[in-house]
Amino acid sequence: MAKAIPSRSENYSEWYNELIKRADLAENSAVRGCMVIKPYGFSIWEKMQRALDDMFKETGHSNAYFPLFIPKSFLSKEASHVEGFAKECAVVTHYRLKNAEDGSGVIVDPEAKLEEELIVRPTSETVIWSSYKNWIQSYRDLPLLINQWANVVRWEMRTRIFLRTSEFLWQEGHTAHSTAKEAMEETTQMLNVYATFAEEWMAMPVIRGTKTANERFAGADDTLCIEAMMQDGKALQAGTSHFLGQNFAKAFDVKFLTKDNQQDYVWGTSWGVSTRLMGALIMAHSDDDGLVLPPKLAPIQVVIIPIFRNDEQLAQLSEKINPLIKELKKVGISVKYDTSDANKPGWKFAEYELRGVPVRLAMGMRDFENNTVEIARRDLKTKETISADGLVAHIQNLLEEIQVNIYNKAAQFRQEHTFRVDTYEAFKEQIEKGGFLMAHWDGTSETEEAIKEETKATIRCIPLDAELEEGTCIYSGKPSKQRVVFARAY
RNA sequence: CGGGGUGUAGCGCAGCUCGGUAGCGCGCUACGUUCGGGACGUAGAGGUCGUGGGUUCGAAUCCCGCCACCCCGACCA
C-alpha cells in the first residue's frame with residue numbers, strides 16, 4: 001500500500017504538515033497552537049540540544065534556570081520591550097479552581113485573584129536582569145555568561161507546527177559585560193556558533209547578517225541573525241543574537257564598579273534558537289518520499305533490515321548482523337535492527353525512508369551466502385550490493401559523504417534561487433517566483449515598509465560578509481552602498 | 001479579527017440533497033499462506049455520528065444555537 005505524502009510542488013504546506021505527522025515527529029495538541037513533540041521528533045531536538053549545549057560550554061557559558069512566571073511590573077520596565085511583546089502574552093490572574101455549584105465542572109475561584117498578575121514568559125530578559133542586579137557588583141563579576149533551556153509562550157494569531165507555535169522550546173543566552181566592545185564580540189561570537197551549527201550539523205547553509213531597525217528585537221540596539229532558504233524559496237530566520245547595549249542594565253539598574261572605581265551600567269547580549277530549527281531542518285532537505293536527515297542529527301543513522309522466511313533464517317542472519325551492530329556502536333554510529341515480522345521488507349524500506357534514516361542495510365539469505373549486503377542511501381535513493389567485509393569503515397565514510405552532499409544540495413538550491421535585481425519592476429516580477437533577491441536599498445524604514453506593503457517581501461538581513469558596491473535603491477533611487485537580502489519569509 | 005473548510009471506529013473517508021435503527025479503506029486481534037520495494041485469505045474486535053436544544057412515531061440526515069480544529073490573509077521567532 002503506497003501511501004504517499006502530498007508532493008511539495010502540489011501543496012507545500014500540506015506536504016510539510018503531512019510529513020511531520022507521518023514521520024512521527026509531532027502532532028497538534030488539544031490546545032490550539034500548541035504541539036506534542038513525539039519521541040522520534042524529540043530525539044532529533046535532543047541531538048540539536050546536545051550539540052549546541054557543547055558549543056555554549058566551549059565558549060564559556062553555564063546553564064541556569066529562571067522561572068516561567070514574570071511579575072507584570074517587570075515587563076513594563078523596558079519601553080520598547082513591552083511594546084514588542086505585550087500583544088502576545090499569556091497572563092495568569094488566579095491561583096485556584098473550585099467545583100461549580102451547579103455541578104458543571106470546575107470554575108476559576110473568584111476569591112483567588114492574584115495581587116499582581118503574572119506573565120508567562122515570552123522571553124526572559126526581564127526576570128534575568130532583575131537577578132543580575134544582585135549578582136553583579138564589580139568588574140570582577142563580569143563577564144557573566146549564562147544560558148537557559150526553557151519553554152516560552154507567545155500567543156500567536158496564526159500558528160504552524162514547529163515554525164510558530166504558541167508554546168515552544170528554546171535556549172536563551174543572557175550575558176553581561178563591562179564594555180560595549182566585549183558585548184558586541186559576544187553577540188558576533190554566538191551568531192557564529194549558530195551559523196556553524198546550522199551548516200555543520202543541520203547541513204543547512206545560512207546567511208549571517210544584521211536586521212534592519214524594523215526587524216530588530218524589541219529592546220536591542222542591534223540584532224544579528226542567520227537566514228536560511230527553504231525549498232519553496234521562502235526565507236526562514238533560524239537564529240538571532242542581540243546586542244542589548246545598556247538598555248536592560250538601565251531598566252533594571254544593573255551597575256558595576258570599574259577598575260578605576262567608577263559606577264557604570266553593564267552591557268548585555270541575548271541570543272536564542274528554538275524548536276523552529278526542527279521546521280527548518282525538515283523544509284531544507286526533505287523530499288516527496290519523506291524526511292531527509294543529516295547523519296549528524298539522525299536519531300537512527302543506520303537501519304538494518306533482515307529478509308527472512310522463518311525463525312531459522314533470522315537466527316542465521318542475526319549471527320552475522322549482531323557482531324556488525326556491535327562494531328558500529330563501538331564507533332558511535334546509532335543502529336536499529338528491525339527484526340519485526342509484522343511488516344514485509346518493502347514496507348520497512350518505505351517506512352524508514354519516510355523517517356529519513358540516512359543509511360539502510362538489507363541482508364537476506366542470498367547475501368548471507370555471498371557475504372554481501374545491500375546498502376542504500378536516503379539522500380540519493382540509490383542502492384548497491386557490496387561485500388560485507390570492511391562495512392564499518394564504508395558506512396562511516398558514507399555517513400560523512402551524505403552529510404556533505406545534503407549541505408551541497410541545499411547550497412546549490414540557494415544559489416540557483418538567489419537573484420541580483422536592479423529595478424523595482426524586476427523585483428516585483430521575481431518575488432512572485434520566490435527566492436532571495438539581492439537589491440540596493442536606501443536604508444530607510446519608509447522604503448522597507450513600502451516594499452513590504454506592495455510585495456510582502458521583507459529585508460531578511462544586511463549580510464555581514466557582502467562586498468560593498470555603489471548603487472541606487474530599487475524603490476527610491478537614492479544612493480546605496482551595498483545590496484541587502486529581500487525575501488518573503490516564514 | 002476577516003474569508004474558506006471540516007467534525008461519523010485509532011487514522012482517512014462515504015452516508016446527509018430525499019429522515020427508517022451506521023458503512024467502506026487502512027490499521028488492530030487470531031490462525032494459515034507469504035517475505036529481495038508499502039502481501040493475501042479466513043474469522044473477529046471496535047462508533048454517546050463534536051455539543052446543546054428543537055421538529056418528528058422516528059434524526060448522522062431537517063431547523064436554531066454553541067464549541068473545536070485545519071487552511072488562506074492581517075501581526076510575529
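Keep in mind the model is a prediction, meaning the values are calculated, not measured.
Using a 4.0 Å heavy-atom criterion, one finds that A:K21 contacts no nucleic acid atom at all. In this structure, A:F217 reaches neither bases nor backbone, as no heavy-atom distance under 4.0 Å exists between it and the strands shown. Residue contacts shown for A:F168 include a base, since a base heavy atom lies under 4.0 Å away. At a threshold of 4.0 angstrom between heavy atoms, the contacts of A:N28 are confined to the sugar-phosphate backbone, with no base atom among them. Residue contacts for A:E353: at a heavy-atom cut-off of 4.0 Å it reaches a base atom on one of the strands shown. Counting any heavy atom pair closer than 4.0 Å across all strands shown, A:E374 reaches a base atom. Using a 4.0 Å heavy-atom criterion, one finds that A:R360 contacts the bases of the nucleic acid, with or without backbone contacts as well.
Side-chain N/O atoms of A:S13 include one lying less than 4.0 angstrom from OP1 or OP2 on B:rC72. For the pair A:N310 and B:rC35, the criterion of a side-chain N or O lying under 4.0 Å from OP1 or OP2 is not met. In terms of phosphate contacts, A:K348 brings no side-chain nitrogen or oxygen within less than 4.0 Å of OP1 or OP2 of B:rG36. Close to B:rC35, at under 4.0 Å from its OP1 or OP2, lies a side-chain N or O of A:R309.
Projected onto RNA chain B by closest heavy-atom contact, A:G33 and A:A342 fall at different nucleotides, the more 5' of which corresponds to A:A342.
Listed candidates were B:rC71, B:rC75, B:rG36. Nearest to the side chain of A:E156 is B:rC75. Among the nucleotides B:rA77, B:rC71, B:rG36, the one closest to the side chain of A:R158 is B:rC71.
For A:E454 and A:Y424, the side-chain atoms include at least one donor-acceptor pair closer than 3.5 Å. With hydrogens and angles left out, the side-chain atoms of A:E186 and A:Q189 include a donor and acceptor closer than 3.5 Å. One side chain, A:W149 or A:D53, offers a donor N or O that lies under 3.5 Å from an acceptor on the other.
Note: A:F56 and A:W271 meet the aromatic proximity criterion, with ring centroids under 6.0 Å apart.
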